[in-house]
Structures are given as structure tokens and as C-alpha cells.
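See below for the structure under consideration.
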Amino acid sequence: MNNSINELNQLKANAVKNLEATEGRRIVVGMATCGISAGAKLVLDTLKKQVAAAGLDNVQVMPTGCIGMCIYEPIVEVFEHDEEKVTYIHMDPDRVSRVVSEHLVKGKPVVEYTIGEDENGKLKSLNDLQFYKKQKRIVLQNCGLINPEDINDYIAVNGYQALAKSVTTMTPQDVINLMKASGLRGRGGAGFPTGLKWSFAAANEADQKYFICNADEGDPGAFMDRSVLEGDPHSVLEAMAIGGYAIGASKGFIYVRAEYPVAVERLKIAIKQAKDMGFIGKNIFGSGFDFDIEIRLGAGAFVCGEETALIASIEGKRGMSRNKPPFPANKGLWGKPTIINNVETLANIPKIILNGPEWFKSMGTEKSPGTKVFALGGKINNTGLVEVPMGITLREVIYDIGQDCLNGKQFKAVQTGGPSGGCLPQKYLDAPIDFDNLVAIGFMMGSGGMIVMDEDNCMVDIARFFLDFTVDESCGKCTPCREGTKRMLEILDKITQGNGTIEDLTILEDLAENIKNTSLCALGQTAPNPVLSTMKHFRDEYVAHVVDKRCPTGKCKALLSYFITDACTGCTACARKCPAKAITGTVKEQHHIDQDKCIKCGVCMDTCRFNAIIKK
Amino acid sequence: MQNDCGCNCDRANDERYAELKAYIDSVKGSEGITMTVLQEAQRIFGYLPLEVQKFISENIGVPIAELYGIATFYSQFAIKPRGKHHVGVCLGTACYVRGAQKVMDKVVEELGVGVGETTQDGLFTLDATRCLGCCGLAPVIMIDDTVYGKLDDVSVISAILNKYRE
Ligand SMILES: Cc1cc2nc3c(=O)[nH]c(=O)nc-3n(C[C@H](O)[C@H](O)[C@H](O)COP(=O)(O)O)c2cc1C
């Protein structure tokens with residue numbers, strides 16, 4: 001079936017009525033992976049059953065993508081035409097029953113399951129929370145609003161209008177010029193200008209070109225792309241078709257990691273629906289442009305997020321990276337010109353085509369226009385997905401949106417850029433976040449994982465953690481990365497075991513510099529970053545480990561010792577529990593730990609009811 | 001009974017080979033099918049024993065050495081049989097800073113096996129997984145397709161595992 005633009009507009013008019021719930025109510029359940037793990041599936045099923053049982057014909061119940069605030073999952077939102085939506089949090093089947101009988105049947109919202117009322121007695125919506133106030137949702141606009149499994153919902157929010165506009169009213173060169181004018185830069189980590197990259201591939205003559213969406217999202221602690229795929233899959237498909245048109249590719253691949261089963265399922269549904277409607281396939285909008293999309297699954301290799309390794313993997317080989325040049329835009333998949341863009345980069349594109357480059361440039365900074373989605377996690381109160389304009393400061397993200405460290409602990413560092421990135425200390429909290437600024441202070445934007453660490457996290461241990469990751473994930477092709485990272489890990493192990501020396505720190509730095517300068521691909525070139533940045537900003541912690549043989553946070557077990565203070569009442573509980581019989585003392589008198597016998601298991605500390613046992 | 005290949009499996013009567021063959025026939029001729037065929041084979045057989053690799057090699061014309069190379073490169077392919085349930089302890093950064101190591105230690109203690117190993121009774125295989133993307137629930141573990149989150153108190157883990165022992 002081939003749709004014309006008029007037909008698309010007709011579809012839209014109907015779809016809008018549905019989305020705006022002009023008749024009856026529309027209820028959405030946040031069903032991204034995190035919602036599902038918190039129990040959203042059962043909530044959705046129960047809701048559907050009870051709505052049907054109550055005979056409420058004009059209530060539609062459906063899944064939606066990530067609403068953003070993980071700590072409130074499962075979240076249910078009730079939309080009614082011309083009314084403020086009602087947000088229910090921490091839902092379960094019992095709560096569903098009350099919402100159905102009191103709100104849906106009798107029209108009285110169940111206040112105690114919402115996030116409360118404001119001073120005027122009006123129900124608060126999520127948008128009133130600090131968490132959302134500083135956000136600007138462009139990429140995530142539709143996540144948590146539309147049903148990702150229904151193409152009509154996407155059409156209602158201007159879906160496929162940008163593709164129609166591109167292929168029927170613009171030349172491929174017009175599209176590229178518009179992308180260049182917008183200043184959009186790749187969100188996959190490197191920040192390369194998208195329009196410029198497209199122009200390289202467009203300039204190449206070839207019988208076949210390819211357009212690939214990079215949905216490998218391997219950085220630990222990052223789930224931005226997953227949320228876009230789970231909440232708004234059509235926006236990615238639409239952008240791929242636009243990109244294919246611009247560069248002259250008729251075939252697209254989405255390379256998605258297999259750890260994201262929900263995203264894969266929704267993509268499959270979306271591709272099928274788009275094909276049925278004729279938005280993907282032959283002669284799109286009667287323009288003569290053909291574009292097909294296929295999904296390829298990763299198999300658990302972080303390096304496959306790197307573009308040349310990703311290409312090797314789609315070709316069915318071991319996912320090993322290769323030297324650049326030639327760049328994929330010249331010689332990519334099966335030797336043909338290929339463009340690879342990240343999911344979040346793509347999700348911006350339909351909106352830029354429809355609203356124009358000036359609109360896009362009105363957000364963010366001059367060199368980094370637009371927004372960036374961050375996955376805020378770690379030791380922070382409000383974990384979740386946040387989208388903010390570029391140029392916002394870390395302080396705003398961590399304190400205003402994230403609402404401080406957990407349990408009132410002291411902030412120590414925030415890790416950005418995953419295993420290629422670094423740990424930013426307190427003093428950079430007021431640095432504006434954009435591509436160039438972060439590079440200028442020696443960090444990188446990375447793909448958007450933002451993990452907060454507090455006073456209890458040992459920075460040497462964190463560096464060791466990342467090295468452990470890269471050693472595991474190195475593809476093994478080049479020696480500096482394969483062997484060098486291993487040697488670095490050995491040294492870090494030695495330090496966290498209490499056997500390090502001050503010379504080890506120098507060796508570590510030398511090795512790091514060598515690996516950076518000589519590795520084949522960016523995996524190795526950036527692997528030492530977590531070590532270098534922690535050594536630079538938290539050197540005292542390294543020194544404490546190697547000189548004083550002490551871990552200031554008590555995280556490195558081999559380095560800590562337990563002591564009993566004079567708060568001890570002599571209750572003997574710890575002595576009885578100690579598996580090594582290392583605690584001695586008489587009843588009602590302060591006890592003592594024999595450091596030679598102590599195996600540092602921590603049982604005594606967990607047992608003591610008087611906080612009389614400390615570790616240092 | 002011995003096959004041409006010298007092993008004792010029964011290709012002719014094992015429906016799983018027919019299922020795999022049907023899949024191969026459906027994709028044959030497209031480019032870059034090696035990975036997808038291995039993925040399908042792993043789904044059907046649960047792992048990729050040498051015999052299955054040989055079968056694939058004969059049917060898609062890719063040398064077995066190359067298949068083995070691919071199967072051992074990607075962490076999701078297994079060449080040894082796995083337990084009935086797959087226990088994945090997330091060691092992503094967000095989980096790690098919130099105590100995933102304690103969770104891992106507890107699971108290791110409970111199961112009595114190390115990472116990558118299968119329990120004697122064949123019930124569980126333990127893995128350290130990459131980030132599962134449920135950072136809001138950190139620290140998490142995933143058993144088969146179910147995620148268990150907020151495991152700050154590791155003492156609940158033994159009850160979770162016991163559910164699978166029944
Ligand atoms: C080790 C490594 C892992 C990467 N992982 C990803 C990833 O998971 N997702 C992604 O979009 N880009 C990843 N990249 C960046 C890609 O190579 C590439 O730059 C990006 O997909 C280009 O898209 P963009 O221009 O839209 O950002 C990775 C790079 C390296 C070196």
C-alpha cells in the first residue's frame with residue numbers, strides 16, 4: 001500500500017482524536033524494561049481485566065514507554081479530554097482495583113496513590129516535580145505518552161510527516177543542507193556533525209549504500225537508547241528512511257544488543273506496521289524512493305558498538321575493529337558506502353526536519369545545539385532518564401534534578417562516558433555540559449551514562465572495575481589494548497590488595513599513555529581514561545593505598561581493619577558470632593580484635609547493636 | 001549408532017536439526033547470515049556443541065574454524081551445556097557502586113559455583129552480566145527473563161533462588 005501525504009493527514013486526524021481521548025479515558029502503563037521489572041505487566045493485565053469486567057467501554061488501556069522516573073515504577077497515568085492527567089505511582093493489582101472502582105467508575109481519583117496535592121488541593125502531576133522542571137523533552141517527547149506498539153499513536157504526533165516532507169518536497173541535497181544547518185552532532189559519543197557525515201556518503205557513487213542504526217548501547221549504566229527504542233521506535237525508523245534518502249541508500253540495518261528483548265520486540269512490531277502502511281518499502285509516498293529495514297542482533301560484545309566492529313558483526317564475522325581510514329562513509333558494510341548513526345541522534349532528526357534548523361539551534365549551546373539524554377544513576381535519590389538542554393551544569397543535573405546523594409551522603413564524583421570516560425570531581429560541578437566543554441576540561445560526553453558516586457565509593461576500586469570491563473571486552477586484535485589493559489588491571493589488583501608501591505603509580509601512568517597512543521580503535525585509546533582521571537583528581541586515595549596501605553573508604557577489604565571503640569558494652573555478641581574467633585574480652589568490658597586472626601568479614605560490625613565497631 | 005562425522009548423535013531423528021535446517025533454508029542466499037544462524041541454533045539447542053557447529057558448517061559452507069571463532073568471541077554463545085536456569089548478576093556501573101559485589105558474593109555462596117559455572121544438579125548457570133539497563137533498581141539480578149531489583153539486603157537472595165529449586 002502506498003500512502004500519499006493527504007492520506008497520512010487523514011490518518012492523523014483520526015489518530016489525534018484517539019490520542020487526546022476525546023471520547024472517554026485513555027490509561028497508559030509505563031512498560032519500559034524498568035517498569036516491567038517493577039511489576040508493570042501484572043498491573044497492565046489487571047487493569048485490562050478489571051476495566052472489561054466493569055463494562056467501561058470508553059476506557060482504553062495500553063502500554064507506553066519510559067515515563068522517566070524509575071523510583072516511582074510501576075506508574076499508571078489516566079488521561080481525560082480537557083482534564084489534567086492523573087498520575088498513580090507504585091501501582092500493584094490491589095491499587096488497580098481501587099483506581100478502577102473509585103476513579104474510573106465513580107470519577108473520584110484515589111489521592112493517596114498519586115504523588116499528592118499542591119497547596120490549592122490540586123493533584124500534582126509528575127511535571128510539577130523538580131525532576132521534570134529543568135528538563136526539555138525533545139527526543140523523549142513521545143516516550144510515556146504514545147503506545148509504542150501502535151503506529152497510529154505515532155502518526156497522531158506528526159509521525160512520518162518529516163519523511164513525507166523530505167521525499168516529496170526536498171532533494172537529498174536539501175536534506176543534507178538542512179541537517180548541516182541544524183548543527184546536530186552525533187549522540188553516540190564522538191559528537192561528529194551528522195550532516196557533514198551524510199554528505200561524505202552522498203558524494204560517493206555506488207550501486208548500493210547502507211544506512212545503519214547503532215543500537216548496541218554497551219556502556220554500563222546507560223539506557224537512553226533502550227528507552228527511545230522501547231517508547232518511540234517509529235521515530236528511529238522514520239529517521240533512518242530520511243537518512244537513506246539523503247545519502248542514496250535503499251537498505252537499512254538496526255544493530256541492537258540482544259540484552260534488550262523488549263526493544264527488539266517493539267522494533268519488530270514497528271517495522272511490520274510501517275511496512276504495511278507503506279512508509280517503509282517500495283516507492284515511499286509515491287516518490288520513487290525505496291527503503292527496507294532489517295534488524296540484526298548483537299551477541300554480547302561491547303566492542304561491537306564501535307562502527308567498524310559493528311560492520312564486521314553484521315557481515316557475520318567476529319566483531320573486531322579495523323583501522324580508519326577508509327571510513328565507513330567511503331567503504332563500510334560489504335565494502336559499500338555506509339552511514340552509522342546512534343539511536344538518539346536519529347530520534348532528533350524528524351523533529352529537525354519538521355521544525356527547522358533555527359528551532360533546533362535555539363536550544364543548547366552554539367557548538368552543541370539541542371538536548372542530551374542522560375541516564376542518571378548510582379548513589380542519587382532520583383534515578384532515571386533525564387533530557388536537558390546542552391550547556392546545563394552538572395550541579396543542576398545532580399542536585400536540582402537528581403535531588404542529591406542517597407541517605408544524605410557527601411557527593412564525591414560523577415562518572416560520565418562509561419569505560420571510555422572519567423570521574424568528574426566536585427570542582428567541575430559548575431562546568432556547562434556540552435561536547436567541547438567536557439573535552440576542554442579533560443573529559444568526554446560519552447553516550448550519556450551519568451553515575452553518581454558518594455563518599456563511600458573508593459576511586460581506585462572504581463578504576464579497577466572499569467579496567468576489568470575493558471580487559472573482558474577488548475577484541476584482542478591489537479597488542480596495546482589486549483595486553484596493556486591486562487597489565488594495568490594486574491597493577492590495580494595489586495594496589496587494591498594492599499601490595500602496591502609508589503612506583504606502581506608511575507608504571508600505571510606510563511602504561512596508560514602508551515595504550516592511549518598506540519591502540520587501534522577508540523576502545524583501547526580511551527580504556528585508560530578512568531584510571532588517568534581518578535589518578536589525577538583523587539591521587540590521595542591512590543597514595544593512601546600504596547603508602548599507608550589503607551583504603552580511605554574501607555571498600556578494599558584487604559586493606560581495612562576492624563576496631564572496637566569504647567562504646568562497647570561488653571555484650572559479647574560479636575565474639576560469639578566471629579567465625580575466626582578473633583574477638584576476646586570479658587563480659588561487660590570493652591572487647592578487642594586480634595588483627596592477626598581477623599579475616600575482615602565484617603560480621604562483628606553487622607552484629608554490634610551499639611555502633612562500637614569501626615573499620616579504618 | 002555412529003554418524004559419518006564419528007559421533008553418536010542422531011541427526012536424522014532429532015527434530016531440532018530439522019528445525020535448524022528449515023531456518024537455514026529460509027535465509028540462505030542473503031548476505032551475512034552466519035551470526036543469525038548461530039543465534040537460531042543456540043535458541044534451539046540451548047548451546048552450540050561441536051556437532052551442531054559441524055552441521056551448520058556443512059549447510060552454510062562456512063569453515064568450522066570460523067564458526068568456532070565466532071562462537072567463542074561473543075559472550076552470548078555457549079559451547080558447553082548450561083543449567084536449566086540462568087542467573088545473571090548485573091555488574092554494570094550503577095549496580096556496582098550500589099553494592100553488586102556483595103550481591104555476587106552472596107549468589108556465589110548460595111550456589112556454590114563461580115562465575116561461568118553450572119551447579120552440579122544442572123539447575124543454575126551463573127553469569128556476571130553486562131548492564132541490564134535497570135539502573136533505577138540497582139543492584140539487580142536477572143533469573144531467566146525476570147529481573148529482581150533493589151537487593152540492598154542480600155539476605156533475600158536465598159529465598160529468591162529457592163523459588164527455582166522447587
Ligand atoms: C568501544 C566503542 C563502543 C561504542 N559503542 C557505541 C554504542 O554502543 N552506541 C553508539 O551509538 N555508538 C557507540 N560508539 C561510537 C560509534 O563508533 C560511532 O561513533 C557512532 O555510532 C556514530 O553515530 P553518531 O554519529 O550518531 O554518534 C562506540 C565507540 C567505541 C570506540
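Letters A, B, ... mirror the listed sequences (proteins, then strands); counts begin at 1. The figures that follow rest on heavy atoms only: side chains count, while hydrogens, waters and symmetry mates do not. All of these numbers come straight from a predicted model, not from anything done at the bench.
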Give, as side chain, backbone, both or neither, the part of B/Thr146 having an atom under 4.5 angstrom from any heavy atom of chain A. neither
For the student: nearest non-hydrogen atoms of B/Tyr74 and A/Ala299, plus distance: CB-O, 3.3 Å
B/Cys134 vs A/Thr33 side-chain heavy atoms within contact, under 4.5 Å: yes
Which heavy atom of B/Gly136 sits nearest a heavy atom of A/Cys70, and at what distance? CA-CB, 3.7 Å
Of all heavy-atom pairs between B/Ser75 and A/Gly300, which one has the smallest distance, and what is that distance? OG-O, 2.8 Å
Closest approach of A/Ala222 to B/Cys131 (non-hydrogen atoms, all atoms of both residues): N-SG, 4.4 Å
Kindly check if the number of other-residue, nucleotide or ligand heavy atoms within 6.0 Å of NZ (B/Lys102) is above 12? no
Between B/Glu31 and A/Leu333, is a side-chain contact (heavy atoms from CB on, under 4.5 Å) present by the stated rule, with each step listed? CA-CA 11 Å; B/Glu31 281 180 292; A/Leu333 192 58; over 6 Å; no
Closest non-hydrogen contact found for B/Ala94 with A/Gly378 is CB-N, 4.1 Å
For the student: nearest non-hydrogen atoms of B/Gln76 and A/Ala258, plus distance: OE1-CB, 3.1 Å
Please classify the contact between A/Phe302 and chain B as side chain, backbone, both or neither, with a heavy-atom cut-off of under 4.5 Å. both
Please confirm whether the backbone N or O of A/Ser37 pairs with a side-chain atom of B/Tyr148, one donor and one acceptor, at under 3.5 Å? no
At a heavy-atom separation under 4.5 Å, does A/Arg226 approach chain B through its side chain, its backbone, both, or neither? side chain
Would you say the side chain of A/Glu473 lies within less than 4.5 Å of the side chain of B/Arg130, judging by non-hydrogen atoms? yes
Could you check whether any side-chain heavy atom of A/Asp461 comes within less than 4.5 Å of a side-chain heavy atom of B/Tyr96, counting everything from C-beta outward? yes
Are the side chains of B/Gln39 and A/Leu297 in contact, using a 4.5 Å heavy-atom criterion? yes
Is there a side-chain contact between A/Lys317 and B/Phe73 in this structure, where contact means two heavy atoms from C-beta onward sitting under 4.5 Å apart? no
Within this structure, what is the OG1-CZ distance for the pair B/Thr34 and A/Arg318, rounded to the nearest 0.5 Å? 13.5 Å
Side chain, backbone, both or neither: which part of A/Cys304 has a non-hydrogen atom closer than 4.5 Å to chain B? side chain
Does any part of the side chain of B/Met35, heavy atoms only, come nearer than 4.5 Å to the side chain of A/Ser313, both counted from C-beta? yes
For the interface with chain A, which of B/Thr36, B/Thr93, B/Val147 has the highest count of heavy-atom pairs at distances below 4.5 Å? B/Thr93
B/Leu137 portion near chain A, given a 4.5 angstrom heavy-atom threshold: side chain
Should we count OH of B/Tyr164 as having more than 12 external heavy atoms under 6.0 Å? yes
Less than 4.5 Å apart, side chain to side chain, heavy atoms only: is that true for B/Arg98 and A/Leu406? yes
Among A/Gly221, A/Gly319, A/Ala301, A/Gly377, who wins on heavy-atom pairs under 4.5 Å with chain B? A/Gly319
Would you call B/Val97 and A/Phe465 a side-chain contact if the rule is heavy atoms closer than 4.5 Å? no
Contact class of A/Val303 relative to chain B, heavy atoms under 4.5 angstrom: side chain
